[in-house]
Amino acid sequence: MCGIVGYIGPKEKKEILLEGLQELEYRGYDSAGIALIENDTLKYFKSIGKLENLRVKTKNYTSEGFGVCIGHTRWATHGKPTELNAHPHLGAYSFVIHNGIIENYQEIKDELLAGGVNFLSQTDTETIVHYFEKNCKRNGHAFEAFQQTVERLQGAYATLLISEAAPDTIFFAKNGSPMLIAFDGDDVYFASSDSPVIGRATEVYYLEDGEYGYAKAGEVKLFDENGEKSFTRQALTADKVLAQKDGYRFFMEKEIYEQSRVMGETMMGRVLDESIVFDELDNSLFEGIKAIKICACGTSYHSALTSAYLFERIAKVRCDVEIASEFRYKEPLLTKDTLFITISQSGETADTLEALKMAKRAGLKSLSICNVDNSSIVRESDAAILTRAGIEKGVASTKAFATQTMVLWMLALYMGQERATVSSARLKAEIGAMLHTPKALIVTDELHAKLHRLSKRYLHGHGFFFIGRDIFFPLALEGALKLKEISYLHAEGYPAGEMKHGPIALADSELFTIALMPKTMHYDKIKSNVEELSARDATILAISPEPFKLADDFIQTQYSSHPMVEFFEMMVVTQLLALEISVRLGNDVDMPRNLAKSVTVE
Ligand code: AGP
């Protein structure tokens, strides 16, 4: 998600912008830029990579006197992370920054191109500033030009625009992406969330969808479709960490709730109406490839296991999955017709990085699926697909797992397209299910409240079994890991069909079985596995769209036509169950004992 900061006033602006953007780094980004107007002249600086690069570029610059300024960190959606695509975007005498997606940007851009406007970037954002200047030239009144621009835009946006046509003004508009206005006397601030302005401003107004306007020193005019409107400021919190949690109790909780939104970003520009595209991949990567080997650790290993079913079922390509720490020392047989994929949220996991280096020494082509651009694993790989989950602060991984699994599903379908193993009807059905996934990830109050109530019964016992079949077996492994990590209770993920080969000996009323019972995948078989456990007095928590009368507890999920949609919905249930049990046990949900967010040692 992009970060936005703006300021009007006499204070030094570079530090306000850079420090403010630094507070938004947790959202993740791949480029950054600032623009200022002081003494009626425009200045701007942009850089790719981390904010430190922008600090280097601006080290000899300090602003002077009254002025307006805007700053932005970009998470690439349209166009690669380059300096040209970095915000702010420049017109002839104006700058704009934007978070979101302008859905009708192409039609506006085509009109502007036909009118002789030159575009420097591949972004949807640049359309805003050129359209503003087209309107401005026409009627000469900057705010009316901005008003006409906003009225034309469709989609999600939080945008700030400054112009030499109004050198003491910041124009703003908000629809679908967050943005606030903050106040300190006559000084006015803008930001995507609280943390950049905490400690600088004392009052805040959180813009609503459809609101826009302009700000000058000591004056903010707010409008919506009904014309000018009044607004009430409220006191701004002084607690930055609390602010970064956006009102949730833990980063992990926030990240579970974010899954629905970030999944849309993971798919953006990649899942099209009738095809999957990866701009970041060159088809040469797949030339001569007859098999896939995936290496990962922990939760990333679980998304890898899930994808093995998909690669073989959809792309008809053999797929082996290995735990990196085992792979490193097993003297593996590696052949050059194998594509070596590593999966890592951090991109710094030592075992996974070393496994990658082994594969490269053996001459294999490599692809990483990672959440952190420019990380060691990304840099070491021939190609990389970023999951775009945004920075994940909870040690127990949630949205990274969800987006890894989605990228792998997309990749299986992409390879199916390239290898002609998928019919157009199957392709459309899979894409339809993908596009429905963000809805399946929505956390309803009813579901969360039920899991909160139900969790009180699972605070002891001699252990948990999470059981599932097919892709729900790796999900069972992941559910067990989540619970272990943050509750410190013992849990195992197990193939449901394997319980009768030994583990069922553990069945009694103190053995808690979390049964993943999808309707779209071997339902009758999983049902009989669970009945065997219930017959031996195991306590059953069934998760299924189909009511199961032998369950001691039951979470009803939605009927779906696709197993992956059931997968993601059940994933949310297991994440919230672990969270609520951990909370009841009084554990540190975000930083569980003995664990680190990135295991950079063997
Ligand atoms: C997941 O909840 C854990 N924090 C851990 O298993 C993690 O998945 C593992 O250490 C791998 O990390 P990576 O994805 O950053 O490589």
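For this chain, numbers begin at 1 and follow the sequence in order. We count ligands from 1, going down the list as the structure has it; atoms in each ligand are counted the same way.
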Next item on the list: Could you check Y248 against Y257 for ring pair (Phe, Tyr, Trp, His ring centres under 6.0 Å), going step by step and ending with a plain yes or no?
Entry: CA-CA 9 Å; Y248 293 97; Y257 276 74; 5.0 Å; yes
Contact atoms of ligand 1, heavy-atom distance to [X] under 4.0 Å:
{"X": "A396", "result": "2 (O)"}
{"X": "Q345", "result": "13 (P), 14 (O), 15 (O), 16 (O)"}
{"X": "S344", "result": "13 (P), 14 (O), 15 (O), 16 (O)"}
{"X": "S397", "result": "1 (C), 2 (O)"}

Notebook entry, point to check: Salt bridge or not for E580 and R249, using N-O below 4.0 Å?
Noted result: yes
Which residue owns the protein heavy atom closest to [atom], what's the atom, and how far is it?
{"atom": "atom 16 (O) of ligand 1", "value": "T349 OG1, 2.5 Å"}
{"atom": "atom 10 (O) of ligand 1", "value": "V599 CG2, 3.9 Å"}
{"atom": "atom 6 (O) of ligand 1", "value": "G298 CA, 3.2 Å"}
{"atom": "atom 8 (O) of ligand 1", "value": "T299 N, 3.0 Å"}
{"atom": "atom 4 (N) of ligand 1", "value": "V395 O, 2.8 Å"}
{"atom": "atom 3 (C) of ligand 1", "value": "E485 OE2, 3.0 Å"}

Next item on the list: Using the ring of F340 (Phe, Tyr or Trp, six-membered ring only), decide whether K360 places NZ or CZ under 6.0 Å from its centre and within 45 degrees of its axis.
Entry: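 No, cation not above the ring by the 6.0 Å, 45° rule.
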Next item on the list: Mark yes or no: R593 above the aromatic ring of Y488, with NZ or CZ under 6.0 Å from the six-membered ring centre and no more than 45 degrees from the axis.
Entry: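 Yes, R593 lies over the aromatic ring of Y488.
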Smallest separation among heavy atoms of [X] and [Y], with atom names:
{"X": "R318", "Y": "E312", "value": "CA-OE2, 3.4 Å"}
{"X": "T421", "Y": "A315", "value": "OG1-CA, 3.5 Å"}
{"X": "V378", "Y": "V372", "value": "CG2-O, 3.5 Å"}

Next item on the list: Before signing off on this row, confirm whether G347 and ligand 1 have an N or O atom pair separated by under 3.5 Å.
Entry: no
Notebook entry, point to check: Judging by distance only, is a nitrogen or oxygen of S346 under 3.5 angstrom from one on ligand 1?
Noted result: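 S346 vs ligand 1: N/O contact under 3.5 Å present.
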Margin query: Could you walk me through whether Y494 and H501 satisfy the ring pair (Phe, Tyr, Trp, His ring centres under 6.0 Å) test, starting with their C-alpha distance in whole Å, then the side-chain angles of each, then the deciding distance to 0.1 Å, before giving a yes or no?
Written below: CA-CA 11 Å; Y494 227 81; H501 297 285; 9.7 Å; no
Check: Out of S300, C297, A400, whose heavy atom sits nearest atom 14 (O) of ligand 1?
Finding: S300
Checklist line | Check: D320 side chain, K293 main-chain N or O, donor-acceptor pair, under 3.5 Å | finding: no
Notebook entry, point to check: Is K482 touching ligand 1 with its side chain, its backbone, both, or neither, if touching means heavy atoms under 4.0 Å apart?
Noted result: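 Contact part for K482 vs ligand 1: side chain (C-beta onward).
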